[in-house]
Every structure is written in C-alpha cells, then in structure tokens.
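A short write-up of the structure that comes next.
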Number of protein chains: 2
Amino acid sequence: MVVELISVGTELLLGNIVNTNANYLSQKCAELGYSLYYQITVGDNDGRVCEVLKSALERSDIIILTGGLGPTQDDMTKEAVAKVFGKDLVMDEPSRKRIEEYFQFRFKGNPLNNAVTQNNWKQALKIDGCIVLDNDNGTAPGYIVEENGKAAILLPGPPSEMIPMFETHIIPYLQKKQNKVFISSMVKICGIGESKAETDILDLIEQQTNPTIAPYAKSGEVHFRVTAAADHEEEGRNLIAPVVEELYRRFGDNIYSTEESETLESVVVKLLQEHNLTVATAESCTGGLLTGRLVNVPGVSGLLKEGFITYSNEAKMKYLGVKEETLKNYGAVSEQTAREMAVGVAAASGSNTALAITGIAGPEGGTPEKPVGLVYIGCLVNGETTVREYRLKGNRAKVRELSVIFALDLLRRRLLLL
Amino acid sequence: MVVELISVGTELLLGNIVNTNANYLSQKCAELGYSLYYQITVGDNDGRVCEVLKSALERSDIIILTGGLGPTQDDMTKEAVAKVFGKDLVMDEPSRKRIEEYFQFRFKGNPLNNAVTQNNWKQALKIDGCIVLDNDNGTAPGYIVEENGKAAILLPGPPSEMIPMFETHIIPYLQKKQNKVFISSMVKICGIGESKAETDILDLIEQQTNPTIAPYAKSGEVHFRVTAAADHEEEGRNLIAPVVEELYRRFGDNIYSTEESETLESVVVKLLQEHNLTVATAESCTGGLLTGRLVNVPGVSGLLKEGFITYSNEAKMKYLGVKEETLKNYGAVSEQTAREMAVGVAAASGSNTALAITGIAGPEGGTPEKPVGLVYIGCLVNGETTVREYRLKGNRAKVRELSVIFALDLLRRRLLLL
C-alpha cells in the first residue's frame with residue numbers, strides 16, 4: 001500500500017513555517033509499513049490542489065492532506081477534495097454543535113472575542129458520505145473519504161491539532177488496512193553522541209533485515225527505532241526482543257526508555273514516585289525551562305515541591321542561601337554556586353531531591369575562562385550533592401535546551417543508583 | 001517568474017530528517033520576488049526524479065533540485081537531469097582537480113581515509129554545457145543547466161553545503177533575472193481569533209493587488225504579511241505604509257509588532273525597559289514556561305527579578321503570602337488566589353510589575369464548576385493588580401501554552417497604558 005502526502009498552505013510555499021507535518025507523517029507511515037514515494041506541497045489554491053490530488057490518486061492508494069481546513073476563505077482543501085471525488089458538501093450536525101459549544105466555552109467572559117463569526121460555520125460542512133474525525137484541540141474536524149479502493153484523509157494543519165487526531169483516529173485506520181502488523185520499540189538514549197552511538201552498533205545496522213533499526217537524532221538524545229513486520233503481535237514482540245536486549249548490552253544505563261510514550265522527564269518523575277521522593281529546582285540560565293519540562297508530566301504536582309528562578313545574585317542569596325563570598329570568590333557560574341543552589345533549594349523547600357542549573361547561555365556574558373556554553377548542574381539526592389560541569393555548543397536556545405536535558409539525565413542516573 | 005523545488009532523498013520520505021532546505025529556499029525565493037507554487041519531495045529513484053522534473057518544467061520556469069549529488073550509487077539527480085534535458089555527462093577538469101585537492105587536504109595524516117575512492121570521481125562529471133558551481137564545504141559541485149528559457153539548478157543536500165552555495169552563486173543569478181524588489185512587513189496580532197481578524201479585514205483582502213495581505217495563524221496569535229512589489233526599496237516602503245496604517249486603525253493595540261524579528265516576549269521586555277520596570281513571576285500550572293519565554297530574550301537578566309514556581313499550596317503561602325483562608329474559601333484556582341500571588345511575588349521580589357498564573361491544565365483535576373482549561377492570570381503594574389479569567393480549550397500542553405501567551409499579552413496591554 002502506497003501513501004502520498006499533500007501539504008496545503010501558502011505559508012509553506014513562502015517559507016514562513018517549516019513542514020514538520022510531512023516529517024512526522026512520513027515517520028509514522030514508515031513505522032506502519034506503508035511506502036511513501038512523493039510528498040507534495042501546494043498553496044491554498046483550488047486548481048492546484050485538485051491537480052496534485054488527481055496525480056496522487058493515479059499513483060498512490062491513500063492520500064493524506066494536511067492544512068486548508070480552517071474557517072477562512074483561503075481554506076479550500078475540503079472543497080477541492082469533494083470536487084475531485086465528485087461529492088457534495090453537506091451540513092454535519094454534530095460538527096455544527098461542537099463549534100457552537102467551543103466558542104461558547106472559550107470566549108465566555110472574554111470581551112475581546114464573543115461571537116462565532118459567519119465563516120466558522122464553513123467548518124461544519126462535510127463531504128457527503130465521509131467519516132468525520134473530531135478535533136479536540138481546535139475547530140476544524142478531519143475527514144476520511146473512500147471511493148474505489150482509494151482514500152483521502154484530510155487533517156488540520158496545526159501540528160497541535162493534526163498529531164492528536166492522527167494518533168487517535170488515523171493510526172488505527174491505517175493499521176486495519178495492513179495485513180502485517182508492525183511492532184516497534186523506541187530505544188531512547190541520553191548521554192552518548194549520535195555518531196558514537198551509530199558507530200557502536202554499525203554491525204547491527206548493516207546486518208538488519210527484520211527487525212530493522214533506524215536512528216533518529218534528537219537534540220541531546222539518540223533514538224533507535226527497532227521495527228519488526230510480523231503476522232501477529234506476539235511474533236513481532238519475539239522478533240524485536242533480542243535486538244532490544246543487544247542494545248541494552250551495548251548501551252546499558254544510557255538507555256532511559258524503550259517506550260514511545262515515555263520522555264526523559266516522565267522517566268524521572270516515575271523514578272521519583274517509585275522511591276517516594278520529592279523534587280525542587282533552582283534555575284538560572286534556563287529560567288524555568290527545566291521545571292516546565294517536569295510539569296509536562298501529568299500528576300507531577302504530588303512531588304514537585306517548589307521551583308525557583310534565581311536569575312540575580314540577590315535571589316540566589318535570599319532564597320537559596322548561596323553565600324556572598326561564594327559568589328564573590330567563584331562567580332555565579334561555578335561548581336561551588338551550583339552546589340550551594342542545590343543544597344539551598346532542597347533545604348528551603350524541604351525536598352529530598354533537587355536540581356540546580358547555573359550557566360552562560362549567551363550570546364553575551366562569555367569570557368576566555370568562562371565561555372558561552374559553560375554550565376554547572378548540581379544534583380542533590382537524599383542529602384548527597386553531585387555537581388557536573390558541561391561545555392555546550394550552540395546558540396542561546398540550544399545551550400538552554402541541552403542544559404535541561406543533561407540536568408534531567410543527571411538526576412535519572414542518581415536515582416538509578418538507589 | 002515561477003520557481004519549483006524538488007527535494008531528492010529517501011531519508012526525507014522516511015522522515016529521518018526534516019526538510020529545512022525547502023523552508024530556506026522558499027523564504028529566499030519569496031524575498032527575491034519569485035512565485036513558488038509547488039514543492040516536491042521524491043526518493044533517490046531515477047524514474048521518479050525524471051517524472052517530477054518533466055512536470056515541473058511544464059509549469060515552472062526555474063527548477064531548484066537539492067540532494068542526490070553525492071558519490072554513492074544512490075545519488076542520481078545529475079544523471080536524471082541530463083536525461084530529461086537530453087544532454088551528455090562529460091568530465092569537468094576543474095572539478096576533478098578540486099576533488100583531488102579536497103581529499104589530499106582533508107585526510108592528510110588520517111590513516112582511515114587516505115584515498116579518493118572510485119565513486120568520488122562521479123562527482124567530477126558535469127552536464128554538457130552547464131555552469132559548474134564550486135562547493136567550498138564538500139565534494140559535490142552544484143550546476144545550472146539552461147535550455148529554451150527554462151533552467152534547472154542542482155544543489156547538494158546538506159544545508160551546510162547548500163546554503164553557502166545558494167548565497168554565493170544562486171542569489172546573484174536569481175537577482176539578475178528579476179527587475180522588481182519585494183518589501184514586506186509582518187503585522188503581529190494577539191488577542192483576536194484568526195477568523196475574527198480575517199473577517200475584520202475581508203474587504204482589504206478582497207481588494208488586494210499590490211501590496212498583498214496574507215494571513216498566518218499561530219497558536220494564540222494571528223500574523224498578516226503585507227508585501228509590495230516595487231522598482232526600488234523606497235517605493236516598496238511607500239506602498240506598504242498605508243496598508244499597515246489601515247491595519248493599525250482596525251486592530252489598534254491588538255497589534256504588538258510589525259517587525260519580523262520581534263516576538264511577544266521581546267516586545268514585553270522592550271516595554272519594561274522603556275519604563276525602567278522590573279518583572280517577577282509566580283507560576284502554578286505553567287510551571288516555569290512563562291519565565292522560560294521571558295528568558296528567551298537576551299538581556300532580560302537586568303529586569304527579571306525572580307520567578308517562583310509554586311505548584312503546591314504550601315509554596316503559595318510560604319513564598320507569596322497567599323492566605324490560607326483564601327485557598328480554603330476560593331481554592332488555588334481562583335481570581336482571589338491569582339491576585340494574592342501577583343501581589344505576593346511583587347512584594348517578595350521587590351519588583352514593580354508581576355505576572356501570576358494559576359489554572360487547571362488537565363488532563364485530571366477538573367470539576368463541573370472549575371473545568372480543565374480554567375485559568376486565572378494576575379497582572380500587577382506599579383501596585384495595581386488586574387485579574388482575568390480564561391477558559392481555554394485543548395490538551396495540557398495547549399492550555400499551558402495559551403496561558404503563557406495571554407499572560408504576556410495582558411502585561412503588554414497594561415504597559416501600553418503607562
């Protein structure tokens with residue numbers, strides 16, 4: 001079965017946004033065992049959407065279209081698909097109701113936006129005979145149109161709406177169409193660079209047939225997806241198990257998860273829960289990003305005691321008890337300050353674990369001795385504090401992002417020793 | 001003049017990498033005043049590259065192909081282009097020399113790689129009669145093939161090679177072909193929904209010829225790009241000025257910037273700096289994301305006093321002085337608590353402005369009276385506190401993201417009144 005992607009949106013043609021949807025959908029199609037030979041991007045133009053859809057239907061079985069489902073005049077993906085399939089647009093009563101409720105709820109008491117404008121009702125029209133997919137994160141529903149063994153899947157453009165809809169509705173739909181099941185495991189590694197990790201398993205990658213091993217580089221992490229094609233789930237699991245075991249033999253504790261759904265922060269929260277521990281944070285250059293990552297995990301409220309963003313020296317002294325002489329003798333970005341921040345935030349909050357970050361994110365503030373990218377991370381677990389020095393490469397955003405990842409990873413490694 | 005992009009690479013179809021080349025090239029083409037109606041991605045497959053190139057030549061004037069110029073058997077973009085243009089491949093003596101020198105230099109003293117392998121010489125072949133573009137960052141040269149008023153531009157796939165080659169050779173080439181300059185302004189709006197914003201200027205959008213007005217929806221924001229084609233820069237600026245003025249007349253303070261480079265947080269920091277104010281934050285459900293956004297802005301350290309992530313009731317009382325009876329009578333997610341958090345964090349930090357967020361991000365924790373998505377934002381400026389209630393739709397990440405945007409926007413609006 002061959003899938004083809006059509007991304008609709010003039011903002012893509014103007015380069016205003018990067019097409020991450022095509023990347024996400026291509027990955028998912030590969031995982032589900034579908035072939036994909038073409039990705040097409042066109043603007044919000046009726047004639048051109050019809051043209052590329054017609055070519056796509058000639059050479060591919062399932063066409064996934066993203067974008068152009070919004071309420072504005074520009075949005076015409078649904079209209080174009082209806083035209084190519086020779087179908088009418090008809091009012092979908094459940095969609096109409098959903099839109100009404102969405103606006104009543106969202107703008108209650110908000111004087112800026114208190115009415116559903118006329119063009120919002122356009123989103124309540126469906127292609128006659130299609131499957132309507134609810135959108136829990138926006139107003140544009142998705143659609144599946146089937147005809148003569150071909151299918152068009154219409155999804156909203158914003159990734160925050162498209163991805164949940166794809167995972168809830170489209171993955172099961174695509175799985176049902178395949179005879180093989182594809183079982184995969186995502187081996188997630190933190191603490192080893194991409195090329196080193198790949199070199200370490202080059203022999204496995206070169207020998208691969210079924211299961212396959214595909215590397216995905218992520219900022220500060222390396223993921224290997226191990227995928228097996230099988231007749232049923234158990235066979236698939238049996239095929240991937242020895243490969244995952246071999247990866248554990250080679251990478252050990254650098255592997256933090258083999259679950260698609262787990263993140264570095266969710267693994268840290270799980271370990272904290274298992275050991276009945278609480279956590280507190282003190283952030284300087286990362287300015288809340290570390291705590292923000294922890295708060296990604298639903299249910300973290302039970303164990304996150306407090307977070308302090310102590311950007312200034314005064315705040316470091318006042319709330320964390322960092323000594324004035326430490327700041328004077330060693331500077332705010334130093335092993336000593338990171339240590340006192342970690343100890344101080346644990347004491348102030350009464351938490352039994354703590355993370356503290358202090359560093360120079362740039363672009364200003366670097367010196368020959370303390371260059372941009374120098375970061376100290378303090379990690380306290382049950383009274384014992386470790387401080388690590390990092391010299392990170394990249395711009396301000398990159399240095400901050402990597403600092404957060406390495407802080408989470410440092411706490412994870414300490415918790416594994418308990 | 002119409003440009004079309006063809007990205008060649010199986011790794012794009014498998015979702016192993018994001019197609020940032022298409023984004024970069026689209027932006028540049030728009031800036032240079034070229035229209036772009038199609039972006040195509042195909043794998044390293046001779047037949048399919050020929051097929052999409054033929055369609056592209058029928059509907060576009062200049063085809064930019066990236067990728068598939070490397071030394072391996074897979075790489076066949078040059079061969080496919082030669083075939084479609086009916087040209088031979090011939091040895092290019094300067095390219096042959098360059099490759100020889102590159103390998104001598106790069107692998108000097110490296111025992112692993114001290115010979116040019118046979119397939120590297122493939123990169124010294126050029127399409128007969130084409131322009132050869134030197135590659136200063138790799139071994140694959142680029143090419144321009146011209147025939148019957150059409151042109152194909154072949155560039156290497158790695159952005160670190162493609163971008164310098166594009167900037168050195170292709171921008172001058174494309175500029176020479178165009179007579180017009182294109183000037184644009186990005187009008188950025190917060191506090192109005194996309195469809196409402198568009199309805200408000202439907203007449204302008206419908207009348208548009210030059211300048212054009214194009215809407216871009218972003219999470220919680222709406223952007224309109226106003227672009228004029230002109231004979232010179234000043235004429236372009238004169239053409240867009242009245243349109244931007246008209247947008248200001250209609251949207252007023254909802255417009256926070258007309259600069260491509262400005263963000264909501266950078267505008268807030270600029271306003272704080274202009275009024276010599278400091279800021280402090282108290283976050284519950286957003287857990288550091290608001291402060292993290294502020295810290296995006298280089299130089300914020302001078303005015304960001306402190307940030308508190310007070311997830312627990314104890315922390316709200318201990319650090320922010322929220323009263324126990326307030327929490328008992330109204331709950332942690334209430335107008336009263338948001339107000340006391342804002343007042344408390346300003347007092348604790350000695351800051352003259354403050355933002356406080358408390359809400360229910362979900363997925364758990366909602367009740368019929370206080371559903372998931374209910375958020376209160378407190379904003380203090382020079383002793384005066386405003387609290388706004390929001391009822392946001394979406395998953396945990398979306399509720400948190402929108403809360404941060406609305407908090408920044410609330411502070412922005414208060415600062416505009418000073």
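Because the structure is a prediction, the values reported are computed rather than measured. For the numbers below, each heavy atom of this structure counts, side chains included, while hydrogens, waters and symmetry mates do not. Proteins get letters first, then strands, A, B, ... in listed order; numbering begins at 1 in each.
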Report task. Please determine, among A:Thr139, A:Val18, A:Val52, A:Leu289, the option with the most heavy-atom pairs under 4.5 Å with chain B. Result -> A:Val18

Query - Which portion of A:Pro158 sits near chain B, non-hydrogen atoms under 4.5 angstrom - result: neither

Requested in this report: Below 4.5 Å from any heavy atom of chain B, which atoms of A:Gln123 appear? Answer side chain, backbone, both or neither.
Outcome: neither

**Report entry** Main-chain N/O of B:Asp44 paired to B:Thr10 side chain as donor or acceptor, under 3.5 Å
**Finding:** yes

Query raised in the report: Can you list the steps and then say if A:Val269 with A:Leu294 is a side chain to side chain contact (heavy atoms under 4.5 Å, CB included)?
Result: CA-CA 7 Å; A:Val269 167; A:Leu294 286 169; 4.2 Å; yes

Requested in this report: Decide side chain to side chain contact (heavy atoms under 4.5 Å, CB included) for B:Val300 and B:Leu303; before the verdict, give the C-alpha distance in whole Å, the side-chain angles of both, and the deciding distance to 0.1 Å.
Outcome: CA-CA 6 Å; B:Val300 74; B:Leu303 54 88; 4.0 Å; yes

Query - Heavy-atom pair count under 4.5 Å with chain A, highest-scoring of B:Gly43, B:Pro298, B:Ala30 - result: B:Pro298

Requested in this report: Among A:Glu314, A:Arg225, A:Gln39, single out the residue with the greatest number of heavy-atom pairs under 4.5 Å to chain B.
Outcome: A:Gln39

**Report entry** Which portion of A:Cys285 sits near chain B, non-hydrogen atoms under 4.5 angstrom
**Finding:** backbone

**Report entry** Between B:Met186, B:Glu206, B:Arg396, the one whose heavy-atom pairs under 4.5 Å with chain A are most numerous
**Finding:** B:Arg396

Query raised in the report: chain B heavy atoms under 4.5 Å from A:Asn296: which part of the residue, side chain, backbone, both or neither?
Result: both

Requested in this report: Please check if any side-chain donor atom of B:Thr286 sits under 3.5 Å from a side-chain acceptor atom of B:Ser403, or the reverse.
Outcome: no

Query raised in the report: Quick one: what part of A:Lys28 sits under 4.5 Å from any heavy atom of chain B, side chain, backbone, both or neither?
Result: neither

Requested in this report: Answer yes or no: is there a donor N or O on one side and an acceptor on the other, between the side chain of A:Asn137 and the main chain of B:Asn395, under 3.5 Å?
Outcome: yes

Query raised in the report: Most heavy-atom pairs under 4.5 angstrom with chain A, which of B:Ser26, B:Ser35, B:Gly288, B:Ser312?
Result: B:Ser26

Query raised in the report: Where on A:Ile17 is there a heavy atom nearer than 4.5 Å to chain B: the side chain, the backbone, both, or neither?
Result: backbone

Query raised in the report: Does the B:Thr278 side chain pair with the main chain of B:Lys305, one donor and one acceptor, at a distance under 3.5 Å?
Result: no

Query - Most contacts with chain B, counted as non-hydrogen pairs under 4.5 angstrom, among A:Pro71, A:Gly9, A:Gly287, A:Ala214 - result: A:Gly287

Query raised in the report: With distance as the sole test, does A:Asn313 use its side chain to make a donor-acceptor pair with the main-chain N or O of A:Ala332 at under 3.5 Å?
Result: no

Query - Pairs of heavy atoms under 4.5 Å with chain B: top-ranked of A:Arg48, A:Glu283, A:Gln27 - result: A:Arg48

**Report entry** Most chain B-contacting option - heavy-atom pairs closer than 4.5 Å, from A:Ser349, A:Gly307, A:Gly292
**Finding:** A:Gly307

Query - B:Phe251 and B:Phe224 aromatic ring geometry - parallel, tilted or perpendicular at 30°/60° bounds - result: parallel

Query raised in the report: Distance only, no hydrogens: is a donor on one side chain within 3.5 Å (strictly under) of an acceptor on the other, for A:Lys318 and A:Thr310?
Result: no

Query - Test: A:Arg59 cationic atom under 6.0 Å from A:Tyr37 six-membered ring centre, within 45° of axis - result: no

Report task. Count the heavy-atom pairs under 4.5 Å between each of A:Asn23, A:Asn135, A:Asp74 and chain B, then report the option with the highest count. Result -> A:Asn23

Requested in this report: Mind ranking B:Ser7, B:Cys29, B:Gly299, B:Gly15 by heavy-atom pairs under 4.5 Å with chain A and telling me who comes out on top?
Outcome: B:Gly15

Query - Any donor-acceptor pair under 3.5 Å from B:Glu306 side chain to A:Tyr319 backbone - result: no

Query raised in the report: Can you say whether B:Glu4 sits under 4.5 Å from chain A via the side chain, the backbone, both, or neither, judging by heavy atoms?
Result: neither

Query raised in the report: Looking at B:Ser55, B:Ser284, B:Ala361, B:Ser301, which has the largest count of heavy-atom pairs under 4.5 Å with chain A?
Result: B:Ser301

Query - Pairs of heavy atoms under 4.5 Å with chain A: top-ranked of B:Leu290, B:Thr281, B:Leu12, B:Thr20 - result: B:Leu12

Requested in this report: Give, as side chain, backbone, both or neither, the part of A:Ala280 having an atom under 4.5 angstrom from any heavy atom of chain B.
Outcome: neither

Report task. Could you look at B:Ala315 and say if it's the side chain, the backbone, both or neither that has a heavy atom under 4.5 Å from chain A? Result -> both

Query raised in the report: Roughly how far, to the nearest 0.5 Å, is CG of A:Leu355 from OG1 of A:Thr291?
Result: 9.0 Å

Requested in this report: Give a yes or no answer on whether the side chain of B:Arg391 reaches the backbone of B:Pro371 with a donor-acceptor pair at less than 3.5 Å.
Outcome: no

**Report entry** Which atoms of A:Val297 approach chain B - backbone, side chain, both or neither, heavy atom under 4.5 Å
**Finding:** backbone

Requested in this report: Select one option (side chain, backbone, both, neither) describing which atoms of A:Arg400 are under 4.5 Å from chain B's heavy atoms.
Outcome: side chain

Query raised in the report: Once you round to the nearest 0.5 Å, how far does CG of A:Leu36 lie from CG of A:Leu25?
Result: 9.0 Å

Query - Engaged part of B:Glu260 at the chain A interface, taking heavy atoms whose separation is under 4.5 Å - result: neither

Query raised in the report: Which bit of A:Glu364 comes within less than 4.5 Å of chain B, counting heavy atoms only: side chain, backbone, both or neither?
Result: neither

Requested in this report: Could you tell me whether the side chain of A:Lys316 and the main chain of A:Tyr311 form a donor-acceptor pair under 3.5 Å?
Outcome: yes

Report task. Please look at A:Ala397 and chain B and tell me whether the side chain, the backbone, both or neither of the residue comes under 4.5 angstrom of a heavy atom of that chain. Result -> neither

